[in-house]
Amino acid sequence: MTDRQWLCAYVITRNGPCDYGLDPAPWLVGHGDLGIVVSEIEPEVFEQIDPTDPADGGLVRLARRHDEVVRAVFRQAPVLPLRFGTVLAGTDAAVRLLRRSYDQALPCLAQIEGHREWGVRARLAGASQARDDLTGLSGTEYLTLRRERLTSARRSRQSAAEAVGLLHTALRRHATRTAERARAHGVLADTAYLVCQDQESLFHREIDRLTGALDGSGVRLETTGPWPPYTFADIELGRRADV
Amino acid sequence: MADRADSLADLLERVLDKGVVIVGDIGINVVDVELLTLRIRLFIASAQTAREMGMDWWSNDPYFAPNAAKRELENTQLRDRIAELETALAQQAGKELPR
């Protein structure tokens, strides 16, 4: 064991007062106009995470704490959320990071100011179909039926994909940035939209307007958010060359 | 309205998958986020498949779906309200019968 202080780092934000109303309270290490919000941590706590069990209690607790701090800061100032599990070797390392990434982080922070992230996921509704009664069908009849079923499924997918394309075109108009997220099975699109707060009502009105039309095309929409701009904090900081 | 779907799975996926990455000699990586993200995705995919097969116990579990508890409460309130209205109707009918 060493007596070195380890800091769990949550977000890069503007330098300023930092009362977030959390317990335990994180604090802000500042440098110029930038700050990094941290709290002391024993790196061993991350060893409690069981990587074979995603719903493991240790992971859930740490991820919730991370999100709680990010959201608390985000309520007061623009944030660049750091990747979960970022640990720095004390206050000196935090200042060094801010110094090295200053010119890169400051404009990124300005770009996302006043924005929130929304997730829109479109999936095929009613994927499971009732099974056909195949009793008494000849081989040819079965193959004909099968071909009809496959053609109809392909048409449904095409029409759903077109409807999702229209949705994206409509929503993109109200977003400053968009990003496709990894899609799970049966998901047609999983898109993150970075929306300026003065565009949010238009953005949601568009979703409401298109939900009915999408329903007719066999597409079910799910929205998540508002999120701090997790998906749009897609930069690397800290390289020595940045100095 | 589109369904609201914030869940633990969404939170984990966002928190683990994205965010500013510290490179070089300043930060240390204490978590294999790539491995965790992959596992979360597999978990979500298998959860979705199970849901399609009708095995969706977690969608009513407050731990996995925070809105479930609220829905349960709303359902209870609605059931109570229906019972109240039915009683009122029955009383009304009772009053009108003698006429």
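Chain A is the first sequence line, chain B the second, and so forth, proteins listed ahead of strands; every chain is numbered from 1.
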Pairs in or reaching into residues 84-93 of chain B: which pass salt bridge (Lys or Arg N to Asp or Glu O under 4.0 Å), with residues at least two apart or in two chains? B/R81-B/E84
Sorted by first residue and then second, give each salt bridge (Lys or Arg N to Asp or Glu O under 4.0 Å) pair with at least one member in residues 6-15 of chain A; sequence neighbours left out. A/R14-A/E113
Heavy-atom closest contact ([X] atom, [Y] atom, distance):
X: A/A63; Y: B/L12; result: CB-CD2, 3.5 Å
X: A/R181; Y: B/K18; result: NH1-CG, 3.7 Å
X: A/F84; Y: B/L16; result: CD2-CD2, 3.2 Å
X: A/A192; Y: B/R14; result: CB-NH2, 3.9 Å

If you count heavy-atom pairs within less than 4.5 Å of chain A, which of B/V20, B/L11, B/V23 leads? B/V20
What is the distance from atom OG1 of A/T224 to atom CD of B/E13, rounded to the nearest 0.5 Å? 9.5 Å
How long is the straight-line distance from CG of B/D10 back to CG of A/D67, given to the nearest 0.5 Å? 11.0 Å
